[in-house]
Amino acid sequence: MTVIVQSSPKPAVSRFQGIQRDIYIALENSEQIHHYNTLHELLFELLLRENLIKAANQMHNSQAEFAPFTHSKFNPEIWTKTKYGYVLKPYIMPSDAILDVFYNSKEYAFECSTAIVLLFYKAVLDSIAVSRFNTLFQGLLVWDWNYDQDLGIDTRIGRDFIPGDVVYFYNPDFDHPIWTGENAVYLGNNQYFGHGVGLETEQGMIEALNTLRKPGATRDAYLISQHSRLNYKYLSQFARRILS
């Protein structure tokens, strides 16, 4: 048993449906022990992972384009471009800014690491009280791996991926620095979403990156043994309601 709930009986898998069921089964089958102080912490993790997967599918179906920083764009009514990234205008609520990326996606173009951070923010926004989100994430600066420390992103070694983890496909013989690799959300069932490549299997991601190698390249792209996760336990205290 790799799921341990300290203060409550561990729920049966039959309790869960759809994406959350797949996530729970993956946690149960994990090589690592997943320990929760309360049932609320476990249920919040399932919710947040599910919302990250949903956000990834939303971005996949959006009109947001792929672009390096020099050719990037964020809605100028919401964000100000600086040499470090895009800063939220002081009179805009963080929640409104993140929603705009998805609801007004034609006004946006960014690369894959920025996409991941935006997906993290969207998943958290969909999982906690809006007022708490706006308190936690004031003064957003977005580009590449710039993110607010309250996200608590934790990167670990290993390929014990759980749906909702973020992984990295490395492209050692890249033709252009923006294709050094692809950050992607693991959706489960050998499906990954990476902004710029799209929705693909592991092999599909590798084949796509292999088309972006320098002439005469001999090394294939590959999925590295690493995954990144949010700080679910910390963020669970800001949930909209008590989960039980």
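Since the structure is predicted, the reported quantities are computational estimates derived from the model, not experimental observations. All heavy atoms count here, side chains included; hydrogens, waters and symmetry mates do not.
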Would you mind checking if R229 and D165 are paired as a salt bridge, meaning a charged N to carboxylate O distance below 4.0 Å?
yes
N/O donor-acceptor pair under 3.5 Å between N171 side chain and W179 backbone:
yes
When hydrophobic residues are tied together by side-chain contacts of less than 4.5 Å, even through go-betweens, does F44 share a cluster with I19?
yes
Please check if the side chain of N210 supplies one atom and the backbone of A221 the other of a donor-acceptor pair under 3.5 Å.
yes
How about T114 and Y86: does a side-chain donor come under 3.5 Å of a side-chain acceptor?
no
CD (E65) and NE2 (H195) are apart, to the nearest 0.5 Å, by 8.0 Å
Could you state the interatomic distance from OH (Y170) to CG (L209), rounded to the nearest 0.5 Å?
11.5 Å
Quick one: pull up CD in E200 and CG in N190 and give me the separation to the nearest 0.5 Å.
10.5 Å
Does T135 reach the main-chain N or O of S131 with its side chain, forming a donor-acceptor pair under 3.5 Å?
yes
Donor-acceptor check, side chain of Y168 to backbone of G181, threshold 3.5 angstrom: yes or no?
yes
Using the ring of each side chain (for Trp, its six-membered ring), is F238 parallel, tilted or perpendicular to Y234, with breaks at 30° and 60°?
perpendicular
Regarding Y36 and E45, is there a side-chain donor-to-acceptor distance under 3.5 Å anywhere?
yes
To the nearest 0.5 Å, how far apart are CD in Q237 and CD in E41?
9.5 Å
Under 3.5 Å side-chain donor-acceptor pair for S113 and D144:
yes
Does L223 belong to the same Ile/Leu/Val/Met/Phe/Trp/Tyr cluster as L199, with side-chain heavy atoms less than 4.5 Å apart forming each link?
no
Please determine which of Y192, F193, Y222 meets the ring-ring contact (aromatic ring centres under 6.0 Å, His included) test together with F169.
Y192
Using distance alone, with no hydrogens and no angle criterion, decide if Q226 and S228 have a side-chain donor and acceptor under 3.5 Å apart.
no
Pairing donors with acceptors under 3.5 angstrom, does anything connect the side chains of Y108 and D100?
yes
When you measure from the side chain of S72 to the backbone of A67, do you find a donor-acceptor pair of N or O atoms at a distance under 3.5 Å?
no
Kindly indicate whether a cation-pi arrangement holds for K81 with F69, taking the cut-offs as under 6.0 Å to the six-membered ring centre and within 45° of the axis.
yes
For F120 together with Y147, are the ring centres under 6.0 Å from each other?
no
Determine, using the 4.5 Å side-chain heavy-atom cutoff (strictly less than), whether F161 and V185 are members of one ILVMFWY cluster.
no
Are the side chain of T201 and the backbone N or O of Q191 linked by a donor-acceptor pair below 3.5 Å?
no
Please work out which of the three classes, parallel, tilted or perpendicular, describes the rings of Y121 and F137, given edges at 30° and 60°.
perpendicular
Quick check on H71: does its NE2 atom have over 12 non-hydrogen neighbours (other residues, nucleotides or ligands) under 6.0 Å away?
no
Under the 3.5 angstrom rule, does the side chain of Y24 hit a backbone N or O of P11 as a donor-acceptor pair?
yes
Please round to the nearest 0.5 Å and tell me the distance separating atom CG of L118 and atom CG of L140.
9.0 Å
Nearest-0.5 Å distance that lies between atom CG in L99 and atom CE in M93:
11.5 Å
Y84, OH: over 12 other non-hydrogen atoms inside 6.0 angstrom
no
Is it true that a side-chain atom of K122 and a backbone atom of N51 form a donor plus acceptor pair closer than 3.5 Å?
no
